[in-house]
Amino acid sequence: MSIIHLVVGDLTAQPLFTAINEETAPGEEIVVLKDILHVGPLRTDGIGFSEGRSAFWQTVSGEPSTPVVTDDLERLMQVSSRLSNSADIKIWFWMAPTPADVVAYFWLLHFLKKHQGRFYVVNINGLPFLDNNGKLFYPESIGHIPVKEVTKARKLARATLPSEWETDGDEWGRLLEEHSGIRIFEGGKRLKGAAIDHYDDLLLAAISAQPQKISKVINLVMSKHKVPTGDLFLQWRLKTMAEAGIIDLTKHDVKLGKGPEQDQPEETDPTGA
């Protein structure tokens, strides 16, 4: 029986790559999903899904000369075709308690519905593992699992239940209908939509009237508030606020701006003349 492991993010996949290579597991491979679907619009009216996601990340990158290509859907369709052509292949999706993983889970259920019974989930939410020092901890990402603990994690794999296909399978449609800018993880498999500028206030609170390094502000917000969007998205939000005159932004530094100038009322003659 062959297994195709699906995991979100190159860094997240590293323990799996290492463990599978060390075990020389025959018939197993890893397909990495590059996009983080909890950030940016999911509904792309008038254009294809991949084109819409690519256009969003192109805007965020701010580099028009360097094309951004988001093709997770095309690679997923290739995986789906392989399952259709071979009854010996199973899918294992590795899911941690992160918004990127939970949205990807709903996305996968939607597009792999015809492969019920062959879609397995390795869900580490709320489960303890041993770190490299032998201490108990609860990993917040698949990438945090030590290589030696991957074998333990593999035992968690279970086929998605018919009831889950019914309930969780409807969530992708709900997310599309909600059409929010970002999706916030609320525990379990719960997501809440929010506006694209949801984290702007956190960025503003970290900025002073004196110039600060952009990287310092972003790292502070990401670490203090556990913002899971990645630094590229937060850099784009800073650029957006700078364009609105809320902050002053240079290549490396940021500080509070004076804000848009207010129109002054016309002076009037108090005598009424």
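The figures here come from the full heavy-atom set of this structure, side chains too, leaving out hydrogens, waters and symmetry mates. Since the model is a prediction, treat every value here as computed from it, not as a measurement.
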* Under the side chain to side chain contact (heavy atoms under 4.5 Å, CB included) criterion, do Arg183 and Leu42 qualify, and how do the steps go? -> CA-CA 10 Å; Arg183 284 141 294 281; Leu42 299 177; 3.7 Å; yes
Pair [X] + [Y], salt bridge at N-O below 4.0 Å:
X      : Y      : answer
Lys34  : Asp72  : no
Asp45  : Arg43  : yes
Glu140 : Lys226 : yes
Arg174 : Glu177 : no
Glu28  : Arg154 : yes

Co-membership, hydrophobic cluster, residues [X] and [Y], 4.5 Å side-chain:
X      : Y      : value
Tyr138 : Phe129 : no
Trp165 : Val102 : yes
Val69  : Val8   : no
Val122 : Phe137 : yes
Trp92  : Leu127 : yes

Check [X] against [Y] and note the closest heavy-atom contact, atom names and distance.
X      : Y      : value
Ile36  : Ala100 : CG2-CB, 4.1 Å
Asp71  : Ser50  : CA-OG, 4.3 Å
Pro146 : Asn132 : CB-OD1, 3.4 Å
Ile184 : Ala194 : CD1-CB, 3.7 Å
Asn123 : Leu156 : O-CD1, 3.9 Å
Tyr120 : Ala157 : CD2-C, 4.2 Å

To the nearest 0.5 Å, what is the distance between [atom1] on [X] and [atom2] on [Y]?
X      : Y      : atom1 : atom2 : value
Glu166 : Leu109 : CD    : CG    : 11.0 Å
Ile89  : Ile4   : CD1   : CD1   : 4.5 Å
Leu191 : His38  : CG    : NE2   : 9.5 Å
Ile196 : Trp236 : CD1   : CH2   : 4.5 Å
Thr18  : Glu22  : OG1   : CD    : 6.5 Å
Lys224 : Asn219 : NZ    : CG    : 14.0 Å

Donor-acceptor contact present, side-chain [X] to main-chain [Y], <3.5 Å:
X      : Y      : answer
Thr160 : Phe119 : yes
Asp131 : Gly134 : yes
Ser223 : Leu220 : yes
Asn85  : Ser81  : yes
Arg53  : Pro41  : yes
Glu63  : Val68  : no
Arg190 : Glu186 : yes
Arg75  : Val32  : yes
Asn125 : Ala96  : no

Just so I know, are the side chains of [X] and [Y] near enough to count as touching, which here means a heavy-atom distance under 4.5 Å?
X      : Y      : value
Phe233 : Ile182 : yes
Phe185 : Thr98  : no
Leu234 : Val227 : yes
Leu256 : Leu204 : yes
Ile124 : Met95  : no
Val103 : Trp172 : yes
Ile214 : His252 : no
Lys255 : Ile247 : no

* Show your reasoning for whether side chain to side chain contact (heavy atoms under 4.5 Å, CB included) applies to Trp94 and Thr12. => CA-CA 10 Å; Trp94 292 70; Thr12 302; over 6 Å; no
* To do: In sequence, state the C-alpha distance, the side-chain angles, and the governing distance for Arg158 and Glu164, and then conclude on salt bridge (charged side-chain N to carboxylate O under 4.0 Å, His left out).
  => CA-CA 12 Å; Arg158 66 170 181 81; Glu164 291 172 316; 2.8 Å; yes
* **Check against side-chain hydrogen bond (donor to acceptor under 3.5 Å, both in side chains), Trp57 and Asp35** => CA-CA 9 Å; Trp57 285 115; Asp35 198 359; 2.8 Å; yes
* Output every pair passing side chain to side chain donor-acceptor pair (under 3.5 Å) with a member in residues 105-119, not counting sequence neighbours, ordered by first then second residue. => Ser80-His115, Tyr105-Asp168, Tyr105-Lys189
* Asked: Do other residues, nucleotides or ligands put more than 12 heavy atoms under 6.0 Å from the NZ atom of Lys152?
  ->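 For Lys152, atom NZ is crowded (more than 12 foreign heavy atoms under 6.0 Å).
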* Has Lys148 got more than 12 heavy atoms of other residues, nucleotides or ligands less than 6.0 Å from its NZ? -> yes
* Asked: How about Thr44 and Glu51: does a side-chain donor come under 3.5 Å of a side-chain acceptor?
  ->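 Judged by distance alone, the side chains do not pair up.
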* To do: Show your reasoning for whether side chain to side chain contact (heavy atoms under 4.5 Å, CB included) applies to Leu76 and Leu6.
  => CA-CA 9 Å; Leu76 182 62; Leu6 298 179; 4.3 Å; yes
* To do: Could you please spell out the steps behind the side chain to side chain contact (heavy atoms under 4.5 Å, CB included) verdict for Leu176 and Phe49?
  => CA-CA 11 Å; Leu176 292 180; Phe49 179 77; 5.5 Å; no
* Asked: With ILVMFWY side chains joined below 4.5 Å, transitively, what does Leu136's cluster contain besides itself?
  -> Leu130
